[in-house]
*Asks:* 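Structure incoming, see below.
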Amino acid sequence: TSNELRNLDMLNIFIGYDAKEAAAYHVLSHSILRRSSGPVSITPLVRDHFPYFTRKRGPLESTDFSLSRFLVPYLSGYQGFSLYLDCDMLCQVPIQDLWQEVNPSERPYKAVWVCPHDYIPMVENKMQDQVQTIYARKNWSSVMFFDNSECRVLTPDYVNTATGLQLHRFEWLQDEQIGSLPLEWNWLVGEYAPNPHAKVLHYTLGGPWLVKYRACDHSKEWYAEYRHMTGMDYYPTQVWQQPPLGSPPDGIGRALADGA
């Protein structure tokens, strides 16, 4: 590739956005901004912002950004490098540290770098009771670092017409074009054991912003980030009907008492 990745470059980050997970999107963005060691540009992938993305949302798409994420190279003009992240994540290190894993001068030619999970989901439903689909290379596409010039096949026409499995299983690439990142860059909370060394936490089953997962693994880290961003504790009024601030739900109370 002719692209160079330099420490002084702006890092372009695209985050999947779904109105039902707005809190998660903003907390992730905040976690990136306050730890970043250099300039970043963060773009939310809001489905309605892309009139050329015309395909209907399918019954197996658990979020509005299930497939629009593959527009990132196009949105980047097929130039430079771009990072895609699901919104249900939390960044715990300077995001530029990822560059050490993907610098093309230190690796063979690749078009995209991912965390190559090899697992079978432990539950049948996730988030707000969406069906958990099982397929090869599941969750590989939840963190993608693109060399955009090598992903020109991902045109709006292709993303509109390819099947979900073709996109998520990276059938638009040769296997040798897919680079590997350590799993710590996409640590699957609830699927993997708690990990104090995780660099990016991924609340793939559902995060603390949902009542069902308010005391999930690594919940205290998310609550602490929300508190740092807003100066307030997190109480989703649509679920808990605005409880008194002195009486948090048990899960949150335990998380905060543990040092969130």
*Asks:* Yes or no on side-chain contact (heavy atoms from CB on, under 4.5 Å) for Phe81 and Asn12, after CA distance, side-chain angles and deciding distance?
*Replies:* CA-CA 7 Å; Phe81 293 81; Asn12 295 310; over 6 Å; no

*Asks:* Does Val112 offer a backbone N or O that forms a donor-acceptor pair with the side chain of Glu150 under 3.5 Å?
*Replies:* no

*Asks:* Could you walk me through whether His117 and Leu188 pass side-chain contact (heavy atoms from CB on, under 4.5 Å), step by step?
*Replies:* CA-CA 9 Å; His117 303 286; Leu188 305 181; 3.7 Å; yes

*Asks:* Is the backbone of Trp209 close enough, under 3.5 Å, to the side chain of Arg214 for a donor and an acceptor to pair up by distance?
*Replies:* no

*Asks:* How about His168 and Phe70: are their ring centres within less than 6.0 Å of each other?
*Replies:* yes

*Asks:* Can you check whether Phe146 reaches Trp113 side chain to side chain, under 4.5 Å on heavy atoms?
*Replies:* no

*Asks:* Checking Asn148 side chain against Tyr78 main chain: does a donor-acceptor pair fall under 3.5 Å?
*Replies:* no

*Asks:* If you measure only the distance, is there a donor-acceptor pair under 3.5 Å linking the side chains of His218 and Tyr223?
*Replies:* no

*Asks:* Can a donor-acceptor pair be found, under 3.5 Å and without considering hydrogens, that links the side chain of Trp222 to the backbone of Leu90?
*Replies:* no

*Asks:* With a 4.5 Å heavy-atom cut-off, do Ser82 and Asp147 have their side chains touching?
*Replies:* no

*Asks:* Any pair with a residue in residues 154-165 that passes salt bridge (Lys or Arg N to Asp or Glu O under 4.0 Å), sequence neighbours left out, goes on the list, sorted by first then second residue, please.
*Replies:* none

*Asks:* Answer yes or no: is there a donor N or O on one side and an acceptor on the other, between the side chain of Arg55 and the main chain of Val159, under 3.5 Å?
*Replies:* yes

*Asks:* Just jot down the salt bridge (Lys or Arg N to Asp or Glu O under 4.0 Å) partners of Arg34, sequence neighbours excluded, or say none.
*Replies:* Glu225

*Asks:* Assess, by modelled atom type and distance only, whether the side chains of Tyr109 and Glu176 contain a donor and an acceptor separated by less than 3.5 Å.
*Replies:* no

*Asks:* With distance as the sole criterion, is a donor-acceptor pair present between the side chains of Asn139 and Thr204 under 3.5 Å?
*Replies:* yes

*Asks:* Working to the nearest 0.5 Å, report the span between NE2 of His30 and OH of Tyr25.
*Replies:* 13.0 Å

*Asks:* With heavy-atom distances below 4.5 Å as the criterion, would you say the side chains of Ser141 and Arg69 are in contact?
*Replies:* yes

*Asks:* Could you work out, with side chain to side chain donor-acceptor pair (under 3.5 Å) as the rule, every residue matching Ser36, not counting sequence neighbours?
*Replies:* Gln96

*Asks:* Give a yes or no on whether the backbone of Pro208 and the side-chain of Tyr203 come within a donor-acceptor separation of less than 3.5 Å.
*Replies:* no

*Asks:* For the backbone of Ala193 and the side chain of Trp187, can you confirm whether one donor and one acceptor N or O come within less than 3.5 Å of each other?
*Replies:* yes

*Asks:* Going by an N to O cut-off under 4.0 Å, is there a salt bridge joining Asp175 and Arg137?
*Replies:* yes

*Asks:* Verify side-chain contact (heavy atoms from CB on, under 4.5 Å) between Ile15 and Leu28, making sure each step is shown before the conclusion.
*Replies:* CA-CA 9 Å; Ile15 300 176; Leu28 171 58; 3.8 Å; yes

*Asks:* Tyr234 side chain to Arg227 main-chain N or O, any donor-acceptor pair under 3.5 Å?
*Replies:* no

*Asks:* Per the ring-ring contact (aromatic ring centres under 6.0 Å, His included) rule, which among Tyr158, Tyr52, Phe53, Phe14 passes with Tyr74?
*Replies:* Tyr52

*Asks:* As an exercise, state the distance from CD1 of Ile178 to CE of Met144, rounded to the nearest 0.5 Å.
*Replies:* 11.0 Å

*Asks:* Answer yes or no: is there a side-chain heavy-atom contact under 4.5 Å between Pro39 and Met10?
*Replies:* yes

*Asks:* Could I get the full list of salt bridge (Lys or Arg N to Asp or Glu O under 4.0 Å) partners for Asp18, not counting sequence neighbours?
*Replies:* Arg57

*Asks:* Would you mind reporting whether Val189 and Leu201 have side-chain heavy atoms less than 4.5 Å apart?
*Replies:* yes

*Asks:* Taking only residues two or more places apart in sequence, or in another chain, which ones meet Asp48 in a salt bridge (Lys or Arg N to Asp or Glu O under 4.0 Å)?
*Replies:* none

*Asks:* Not counting sequence neighbours, which residues clear side chain to side chain donor-acceptor pair (under 3.5 Å) with Tyr84? List them please.
*Replies:* Asp86

*Asks:* Compare all side-chain heavy atoms of Glu21 with those of Asp88 and state whether any distance is below 4.5 angstrom.
*Replies:* yes

*Asks:* Test side-chain contact (heavy atoms from CB on, under 4.5 Å) on Leu71 and Leu45 and set out the steps.
*Replies:* CA-CA 9 Å; Leu71 291 172; Leu45 289 179; 5.7 Å; no

